[in-house]
Amino acid sequence: VIRLLYIYQVSDKWKQAQDLFHAFVRSGCHLGSQDLDLVKYFQVREAWEAQQYEKVGSTELLFLSEARKKYSGARFEALYWQWKNGDRSLPLAVTNGEKRVLTSSFTTYKIGERYAAFGDLD
């Protein structure tokens with residue numbers, strides 16, 4: 001069983017952390033660079049399609065162009081739409097076809113107070 005509690009103050013970085021956490025669990029706790037690239041591709045593509053251009057700089061645009069070629073095909077398209085619709089339990093590991101099932105949970109907790117002793121939590 002893997003449980004993660006993500007504590008934040010104001011940012012929306014928890015969503016990216018949640019995606020990476022679920023990808024990590026799906027990969028059997030062995031995230032490879034291809035898994036990270038696929039999650040990044042989904043995130044950048046989603047921002048581009050939602051016209052959130054402030055999230056897509058020149059580096060991300062170049063990455064998106066290359067990733068569209070790398071992750072073309074029905075399998076990745078289906079994974080993207082399932083991911084976009086909130087299914088973060090997909091078997092994203094592209095290095096092998098195994099599906100590993102672990103019990104896991106990702107929980108967020110937003111705090112309103114500043115905790116200077118710990119520095120910036122975002």
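Because only heavy atoms are used, hydrogens play no part in the values below, and waters and symmetry mates are left out as well, while side chains stay in. Just so you know, these numbers come straight off a predicted model, no measurement behind them.
Partners of Glu77 by side-chain hydrogen bond (donor to acceptor under 3.5 Å, both in side chains), not counting sequence neighbours, listed by chain and number: Arg45, Trp81.
Considering all non-hydrogen atoms of both residues, Leu64 and Tyr41 come closest at CD1-CE1, 3.7 Å. Nearest heavy-atom pair across Leu61 and Val56 is N-CG1, 3.9 Å. Between Tyr71 and Phe76, the closest heavy-atom pair is O-CB, 3.2 Å.
The structure places CD1 of Ile7 at 10.0 Å from OG1 of Thr108, a figure rounded to the nearest 0.5 Å. Taking CG of Leu4 as the reference point, atom CD of Gln18 lies at 9.5 Å (rounded to 0.5 Å). Note that CD of Glu66 is 11.5 Å distant from CG of Asp37, once rounded to the nearest 0.5 Å. Residue Gln82 holds its CD atom at 9.0 Å from CZ of Phe42, rounded to the nearest 0.5 Å. For the atom pair Phe106 CZ and Phe21 CZ, the distance stands at 7.5 Å (nearest 0.5 Å). Remark: Trp14 CH2 to Thr107 OG1 distance equals 11.0 Å, nearest 0.5 Å.
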Inset, instruction - Please test Tyr53 against Trp48 for ring pair (Phe, Tyr, Trp, His ring centres under 6.0 Å), starting from the C-alpha separation and ending with a verdict. - result: CA-CA 6 Å; Tyr53 301 124; Trp48 180 258; 4.9 Å; yes
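If you chain together hydrophobic residues whose side chains sit under 4.5 Å apart, Val44 and Leu62 never meet in one group.
Gln52 places a side-chain heavy atom less than 4.5 Å from the side chain of Lys55.
The existence of a salt bridge linking Lys84 and Glu49 is confirmed by a sub-4.0 Å separation between a basic side-chain nitrogen and an acidic carboxylate oxygen.
Open room surrounds CD on Gln16; 12 or fewer heavy atoms of other groups in view lie less than 6.0 Å from it.
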